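Residue numbers start from 1 in every chain, and the chains themselves are labelled A, B, ... in the order their sequence lines are given, proteins ahead of strands. Since we're looking at a predicted model, the values are computed, not measured. We use all heavy atoms of the structure for the numbers below, so side chains are in, but hydrogens, waters and symmetry mates are not.
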Amino acid sequence: MGNEATTSIVWFRKGLRIHDNPALSEALIDAKNFGGGDESKKVLPLFILDPWFCNEKSVGANRMNFLLQSLTNLNENLGSLLSIENVNDANNCLTVVQGKPKDVLPNVIKKFNVSSVYFEKEQVEPFGKQRDEEIIEMCKKLNVDVNTYASHTLYDQEFLLSKASAKGIPPSTMGAFQKVLANVGEPPSPVPEPPKNSLRVIPNAGDALSKEFKYANGIPTLEDLGYKAKSLSFKGGKGGETEGLRRMRGALCRGGDGYKYVQEFDKPQSSPCQLFAKEKGSGKALNPFEMAKKASSSSSPKEESLLWPSTTALSPHLKFGTVSVRQFYFELQDILKNELKGKHTNPPTSLMGQILWREFYYVNACGTPNYDKMVGNRICKQIKWKHDPENLAKWENAQTGFPWIDAAMTQLKEEGWMHHLARHAVACFLTRGDLFISWEEGARVFDRDLVDADWALNNGNWMWLSASSFFYQYFRVYGPHSFAKKYDKEGAYVKHFLPVLKDMPSKYVYEPWTAPLEVQKKAGCIVGVDYPKPMVDHAIASKQCMAWMNEAYAAGKEKKSGGEEKSNKKAKTK
DNA sequence: TTAGAGTTGATTTT
DNA sequence: AAAATCAACTCTAA
């Protein structure tokens with residue numbers, strides 16, 4: 001009995017893909033080598049739905065739906081790797097169990113004589129880091145090998161941090177970060193995709209666990225997870241690696257031959273008001289990587305056409321790892337170098353720049369304790385934000401009375417997505433621009449409702465927009481009725497998400513309270529009755545906020561210079 | 001110590 | 001369309 005073949009677990013959390021997945025690849029390589037090649041180890045691909053996050057209060061329906069779609073697709077794609085003997089298990093190669101990892105894993109380990117566990121390292125998020133530490137400790141006690149890999153970001157974040165400074169202080173500006181990158185060189189290349197016939201699974205593994213844990217014999221539905229049926233209307237396509245790679249390559253080929261979209265991508269110029277729409281020819285062309293692979297790949301004939309906003313909307317795929325950021329990086333790099341020969345926009349505003357921003361926020365999240373809070377956060381300005389649940393609720397529920405802000409918050413609620421600049425506008429409004437409510441409150445709402453909610457990026461961007469860190473020009477305030485005008489003069493975006501304003505003349509659509517009563521009547525939208533009055537006078541509120549920001553900065557400076565004086569004296573006495 | 005830079009402001013002037 | 005002005009932030013590099 002002691003000599004019988006043992007099992008490896010590949011524990012999926014993010015990284016829901018079979019391409020560039022070092023944990024999966026290494027597990028399969030190791031399984032094949034086991035027993036001198038005669039007898040191969042079995043591999044159990046496992047996903048654990050933790051009730052901690054599997055609820056509507058923590059994760060909105062749009063994101064949970066995207067996750068379930070991603071799991072469904074992961075199951076399919078794992079099926080393509082199955083060994084011949086597992087031909088009947090194609091519908092069930094990913095085991096999905098509901099429970100706490102610290103309860104589920106020891107159980108699985110004992111049941112299936114598991115000798116090793118493989119997973120992608122969580123390097124940043126406190127909850128995941130602690131979870132992993134506990135699991136690693138548990139595995140040690142059970143004498144189970146643990147193999148982890150940094151594959152969610154371009155670089156191993158600990159490595160990047162060690163290269164940033166001797167003390168492990170992350171770079172606080174993009175310029176400094178790019179210098180670090182220039183010194184470390186290219187990120188690791190994607191690992192080769194595992195070959196067909198390389199995965200030997202345990203048939204119906206989940207059934208053996210179904211007594212102790214909730215196991216759906218397949219991928220659960222939203223209803224199974226207790227989600228009340230809600231309109232699911234994320235427009236950026238289905239979850240899963242197949243759709244993710246299609247979208248990535250569609251983005252790289254946007255604008256037809258000549259790679260115009262990639263060539264001219266310039267983030268600040270992209271419109272936050274552009275609705276998701278079909279694009280002529282996009283997603284049809286093949287990029288060079290695809291061309292090379294074409295012989296072996298077969299795409300389904302009935303593919304749904306991709307819908308595009310002004311940006312790529314690839315963020316949910318990068319969040320869940322259904323697209324490897326390294327794969328994206330190298331395919332983009334190939335086009336920039338070989339197709340465009342260096343004639344293109346550049347970081348930080350280019351498409352490559354967007355990948356670098358992601359990495360920038362990750363390294364900062366990794367090197368900053370209490371990164372998701374103001375108190376105890378080394379890089380965060382200490383500001384006396386107002387506690388105002390009523391105003392917070394108005395913002396959250398799209399009742400501010402500023403159509404552009406309310407339309408964006410409606411898009412968030414309904415679709416689970418907003419353009420980056422719309423996020424800027426609503427974040428500025430909530431914090432330093434108008435309401436002076438803490439960025440932590442806003443971050444909580446985004447973290448629940450965004451399909452692409454990513455801990456490192458979300459908290460970092462909220463600090464940026466509230467002028468708490470990274471960005472400090474607090475006197476540059478987005479106008480809640482002026483900013484969107486330069487992108488969308490007619491107010492089509494606002495009218496789409498707030499149909500009550502659909503007949504309001506464009507002249508007044510961003511400031512309906514300025515329309516004469518006759519015009520409001522004619523448009524069927526009386527301000528104060530059919531649509532709220534503006535909750536603040538922006539001119540007054542923003543001036544007040546600036547004064548408070550000024551105070552907060554001055555108080556912080558005093559504290560700091562006090563400390564510096566001391567150390568100066570110390571230096572002098574020396 | 002200081003000049004210059006910083007992915008994405010608004011408004012007015014040229 | 002581009003530049004100047006508003007009032008003036010912090011970080012980096014010299």
Pick the P atom in B:dG6 and in C:dC6, then give their distance to the nearest Å.
->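 So the two P atoms sit 23 Å from each other.
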
Under 3.5 Å, is there a donor-acceptor pair between the A:Y474 and A:N550 side chains?
->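 Checked: A:Y474/A:N550 side chains pair up, N/O donor to acceptor below 3.5 Å.
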
Do A:E396 and A:R448 sit within salt-bridge range, that is, some charged N less than 4.0 Å from a carboxylate O?
->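 Result for this pair is yes, salt bridge flagged.
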
Sugar-phosphate only, base, or nothing, as touched by A:K179 at under 4.0 Å among non-hydrogen atoms |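 A:K179: backbone/sugar contact only, no base atoms under 4.0 Å.
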
Which residues share a side-chain contact (heavy atoms from CB on, under 4.5 Å) with A:L340, sequence neighbours left out |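 Here the qualifying residues are A:Y259, A:V262, A:Q263, A:I335, A:L336, A:H344.
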
All side-chain contact (heavy atoms from CB on, under 4.5 Å) counterparts of A:A176, not counting sequence neighbours =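 Per chain and number, A:A176 pairs via side-chain contact (heavy atoms from CB on, under 4.5 Å) with A:P171, A:T173.
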
Could you tell me whether A:K14 and A:E120 make a salt bridge, using a distance below 4.0 angstrom between a side-chain N and a carboxylate O?
->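 Salt bridge between A:K14 and A:E120, a charged N being under 4.0 Å from a carboxylate O: no.
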
Would you mind classifying the nucleic acid contact of A:G353 as base, sugar-phosphate or nothing, using non-hydrogen atoms under 4.0 angstrom?
->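 The answer is nothing, as A:G353 stays clear of every strand by at least 4.0 Å.
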
Can you tell me if A:S324 and A:H19 form a side-chain donor-acceptor pair at under 3.5 Å?
->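 Looking only at side-chain atoms, A:H19 and A:S324 do not form any donor-acceptor pair under 3.5 Å.
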
Going 5' to 3' on DNA chain B, which nucleotide is the first and which the last to come under 4.0 Å of a heavy atom in chain A?
->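 Listed 5' to 3', the contact boundaries are B:dG6 to B:dT11.
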
Contact list for DNA chain C against residues 419-437 of chain A - heavy-atom distance below 4.0 Å =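 Nucleic-acid contacts, sorted: none.
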
Under 3.5 Å on both distances, the Watson-Crick or G-U partner of C:dC11 =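 In the structure as shown, C:dC11 has B:dG4 as its Watson-Crick or wobble partner.
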
Are A:N364 and A:Y371 linked by a side-chain donor-acceptor pair shorter than 3.5 Å?
->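 No donor-acceptor contact under 3.5 Å links the two side chains.
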
Nearest-angstrom distance, P atom, B:dT7 to C:dA1 |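 Taking atom P in both B:dT7 and C:dA1, they lie 26 Å apart.
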
Spacing of the C1' atoms in C:dA8 and B:dG4 (rounded, Å) =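 Roughly 14 Å separates the two C1' atoms.
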
Apply side-chain contact (heavy atoms from CB on, under 4.5 Å) to A:K341 and list each qualifying residue two or more places apart in sequence or on a separate chain.
->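 For A:K341 there are no side-chain contact (heavy atoms from CB on, under 4.5 Å) partners, ignoring immediate neighbours.
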
All N/O pairs under 3.5 Å across the protein-nucleotides 8-11 of chain C interface:
unit_1: C:dT10; atom_1: OP2; unit_2: A:K557; atom_2: NZ; d: 3.4
unit_1: C:dC11; atom_1: O3'; unit_2: A:S172; atom_2: OG; d: 3.2

Determine the contact category for A:K486: base if any of its heavy atoms lies under 4.0 Å from a base atom, sugar-phosphate if only primed atoms, P, OP1 or OP2 are that close, otherwise nothing.
->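 Counting heavy atoms under 4.0 Å across all strands, the contact made by A:K486 is with sugar-phosphate only.
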
Residue matched to C:dA2 through Watson-Crick or wobble contacts both under 3.5 angstrom =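 B:dT13 - that is the nucleotide pairing with C:dA2, both distances being under 3.5 Å.
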
Is the closest side-chain heavy-atom distance between A:R423 and A:L450 below 4.5 Å?
->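 Yes, their side chains come closer than 4.5 Å.
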
With a non-hydrogen cut-off below 4.0 angstrom, is A:Q354 in contact with a base, only sugar-phosphate, or nothing?
->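 Base contact.
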
4.5 Å side-chain heavy-atom contact, A:F360 and A:P348 =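 A side-chain contact is absent here, since even the closest heavy-atom pair is not under 4.5 Å.
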
Quick one: does NZ or CZ of A:K267 land under 6.0 Å from the six-membered ring centre of A:W357, within 45 degrees of the ring axis?
->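 Not flagged: A:K267 not positioned over aromatic ring of A:W357.
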
Indicate, with a heavy-atom threshold strictly under 4.0 Å, whether A:F471 touches base, sugar-phosphate, or nothing.
->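 Contact class for A:F471: none.
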
Quantified in whole Å, what is the P atom distance between nucleotide B:dT1 and nucleotide C:dA7?
->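 Result for the P pair: 28 Å, nearest Å.
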
